[in-house]
Amino acid sequence: MKWKKLGRIFNPVDHILANKCVEFAQSPQTLVFDDFVRIYFSTRETDPKNGKFLSHISFVDMTKDFTKILSISKNTVIKLGELGTFDEHGIFPINIVRDKDKVLAYTCGWSRRVSVSVETSTGYAVSNDNGLTFTKVGHGPVLTSSPNEPFLVGDSFVQIYGNIYHMWYIFGTRWVDTTDEGAARTYKIGHATSVDGINWKKEEGKQIISDVLNADECQALPTVVFHNNKYHMFFCFREATGFRKDKNRGYRIGYAYSDDLVNWVRDDANVGIQFSEEGWDSDMMCYPHVFKCDDKVYLLYNGNEFGRYGFGIAVLEE
Amino acid sequence: MFKWKKRGRIFIPQEIKNISWLKSFAQAPAVLLFDDFVRVYFSCRPDPDENGQYVSYSAYVDLNRKNLFEIINIAKEPIFKLGSRGTFDEFGTYPTSIIRKGNDVMAYYAGWTRCESVPFNVAIGAGISKNNGESFEKIGHGGPILSYSINEPFVLSGPKIRQYNDTYYLFYIAGSKWIANDGKPEPVYKIRMAHSSDGLNWIKADKDLIESKLGEDEAQASPDVFFHNNKYHMFFCYRYGLDFRGKEKGYRIGYASSDDMINWTRDDSKAGIDVSEEGWDSEMISYPHVFELDGKIYMMYLGNQVGKEGFGLAELEGELK
């Protein structure tokens, strides 16, 4: 596989964002229209109560060659949850799915904890205005913890194949005590299916992508595309600790393929995209999103500092 | 109206010495019957930590079947360990409900974690015992068996496990909102249910079973279902949404009945038990548990401060129908 990098296409510091957000344009994910592409991302407001971050969803509309910004969302795309709900402190990321005449969103909602920093679950929302705004159905999640997936269910990515909704997502396996970084989380990629997009059947604690680093490898944000008679999955992975500062331990992009959506072969050697020598994606690559647009296959991704300074795009060459 | 004759308090945690994890509270009694004794599970607490925060454990006391006021044994250890870091039951296992499954005993319990914007969240876990309910191994790798969903966003607690006609029924509560209450949030929760063929995979009914009579912010708990005389009887407790830690707005015991467990008719006027004029249950009564023993029907329940000083016993006079 070979990707041609087209460079960074959006840097949040160059724009005024809704919800008092500054910096961060994380986990870009698309909704493709006839004459433009809407790219959703998560950006951050500083919580006036305590200086912590609140993640909000915004979007940018771009031309289909990704060279020009047409507009940026000026209003709230989806509200954060009410007091005590799973998405009270942030939505990051959001996955958008066209389902016949509907536009669906699967969100990763964040709420803060005391003994660990955070808990997440997957939410569900619907748009009736072509993705300008989304309304949640209920106040709770559609996918959350279960006996063998004890915490940190999130990063859901949904595709509809045949009449079945397939969700790839991550679930936490451990909170590891560390001396200098507090409690560090580890998580793996799982798979669930549904006939209606709301009621999901998990494989319940089954890690579908093997580790290449070690048992504490953290795998995040799976994204899947069907192309040339095969299912291709991209994701990012890192070491459980030391990943913020050390580029050798930080996020990079991994790859796996499958013929049947059941068995996945991990094949990072074939990922076809690496850190740049210098610049915005020279120390880290994360939060990939693969999609088709006018018969081409594209890969959106974040660079250094988890997307603090935006996202770039690559196009599949072979 | 049913008529319950109060027999008095049967367990006072403050009278138990030398157990560090059992200093106060004996909440949510639930019985498991043996030939010679009645094992009563309850939830209790060690002294609070330096910040005044409690954890809770579940344990049991064995009472003489012929004389429920005679304690013959107390658990040596809590029946569950607290969960590991970041899990749903890291800070408490309360309350617990018990059922026999073949030669094993199953426990369903609410696990507590601590949150930043609200004080806690709760989800329901399960454990299995191979030694007559003395200790339980938790199901799974640290996660709950019943967790949040679109219409049950938080605080899934108070499980009561039952089995009728080869199907398991789990009655429980689910939070519907947190009242902000000037920075001291309080949860509102309502009685719900789910059913299962194996006791592990659950289908939620996804509806409130019991109408509220104190308004939208009424909190309902301890949905204790008892089948008798061809009818399902539910005793439960309910309170006001705020200022409920005193007599006026604190817990009282309510009653509902049903033919199918889905449609319930609330009629608190039939509950037949209320706070006493004075004494340990003069301010509130809560967490009822009804059971049949040797031809008699009993209710165990909590008194003031939601069981801080133990639980008592009442005996039904007349029929439950």
Side-chain angles (χ1 to χ4, degrees), chain A residues 47 49-50 52 54 80-89 109-119 121-125 136-153 171-178 182-187 198-202 204-205, chain B residues 51 53 55 82-91 111-127 138-156 174-181 183-189 200-204 206:
Chain A
D47 189 338
K49 287 194 201 98
N50 50 25
K52 295 181 182 180
L54 295 166
L80 300 189
E82 292 176 10
L83 180 65
T85 55
F86 75 102
D87 56 351
E88 180 182 1
H89 297 129
W110 292 58
S111 66
R112 298 181 196 134
R113 290 288 180 272
V114 170
S115 69
V116 294
S117 54
V118 71
E119 170 64 340
S121 294
T122 295
Y124 173 83
K136 288 178 231 178
V137 180
H139 294 289
V142 287
L143 204 76
T144 188
S145 52
S146 54
N148 298 319
E149 301 182 0
F151 36 67
L152 295 171
V153 168
F171 59 92
T173 49
R174 286 213 300 152
W175 280 97
V176 186
D177 285 316
T178 69
R185 49 195 185 265
T186 64
Y187 35 82
I198 297 173
N199 296 288
W200 293 90
K201 192 171 169 49
K202 287 179 175 180
E204 194 41 52
Chain B
N51 300 317
Q53 289 191 293
V55 296
L82 296 181
S84 60
R85 189 162 185 167
T87 55
F88 76 104
D89 56 353
E90 182 178 358
F91 294 104
W112 292 62
T113 184
R114 293 179 186 161
C115 305
E116 186 184 280
S117 65
V118 293
F120 55 81
N121 204 356
V122 193
I124 295 171
K138 290 180 190 170
I139 303 288
H141 291 96
I145 58 129
L146 199 74
S147 192
Y148 320 113
S149 52
I150 286 178
N151 297 315
E152 298 182 355
F154 41 68
V155 187
L156 267 66
S176 55
K177 75 168 174 183
W178 280 95
I179 304 173
N181 193 30
K184 293 197 164 182
E186 299 282 5
V188 172
Y189 33 78
L200 298 175
N201 296 287
W202 294 92
I203 298 166
K204 291 179 173 180
D206 204 26

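Lettering of chains follows the sequences in order, A, B, ..., and the numbering in each one begins at 1.
A heavy-atom distance below 4.5 Å is not found between the side chains of B:T113 and A:E119.
Taken to the nearest 0.5 Å, the CG atom of A:N199 stands 9.5 Å off from the OG atom of B:S149. For the atom pair OG of A:S146 and CG of B:L146, the computed distance is 11.0 Å after rounding to the nearest 0.5 Å. Here the CD-CH2 distance, from A:E82 to B:W178, works out to 14.0 Å after rounding to the nearest 0.5 Å. Of the inter-residue distances, the one linking B:I150 atom CD1 with A:T144 atom OG1 reads 12.0 Å to the nearest 0.5 angstrom. Distance check, rounded to the nearest 0.5 Å: CD of B:E116 to NZ of A:K52 gives 3.5 Å. The distance from atom CZ of B:R114 to atom CZ of A:R113, rounded to the nearest 0.5 Å, is 12.5 Å.
A:R112 contributes no side-chain N or O that, together with a main-chain N or O of B:S117, makes up a donor-acceptor pair within less than 3.5 Å.
Across every non-hydrogen atom of A:S115 and B:G86, the tightest pair is OG-N, 4.0 Å. What you find for A:G84 and B:V118 is that their closest heavy atoms are CA-CG1, 3.7 Å. Nearest heavy atoms, A:L83 versus B:F154: O-CE2, 4.2 Å. Counting all heavy atoms, side chain and backbone alike, A:P150 lies closest to B:T87 at CB-CG2, 4.5 Å.
Between chain A and the residues B:G140, B:G143, B:A123, the most heavy-atom pairs under 4.5 angstrom are made by B:G143. When each of A:T85, A:V116, A:V114, A:V142 is scored by its heavy-atom pairs under 4.5 Å with chain B, the top score falls to A:V114. Among B:H141, B:E152, B:K177, the residue with the largest count of heavy-atom pairs under 4.5 Å with chain A is B:H141. Ranked by heavy-atom pairs shorter than 4.5 Å toward chain B, the options A:E204, A:H139, A:E149 are led by A:H139.
Using a 4.5 Å cut-off between heavy atoms, B:F91 contacts chain A through its side chain alone, with no backbone atom that close. Only the side chain of A:N50 has a heavy atom closer than 4.5 Å to any heavy atom of chain B. For chain B, the nearby part of A:E88 is the side chain; its heavy atoms alone come within less than 4.5 Å. With a 4.5 angstrom heavy-atom cutoff, A:K201 does not touch chain B via any of its atoms. Interface remark: A:S111 contributes no atoms to any contact with chain B (heavy atom separation under 4.5 Å). Interface remark: B:Y148 contributes backbone and side-chain atoms alike to the contact with chain A (heavy atom separation under 4.5 Å). Neither the backbone nor the side chain of A:L143 comes within contact range of chain B; no heavy atom of the residue lies under 4.5 Å from a heavy atom of that chain. With a 4.5 Å cut-off on non-hydrogen atoms, A:F86 does not touch chain B at all. For B:N201, no part sits under 4.5 Å from any heavy atom of chain A, backbone or side chain.
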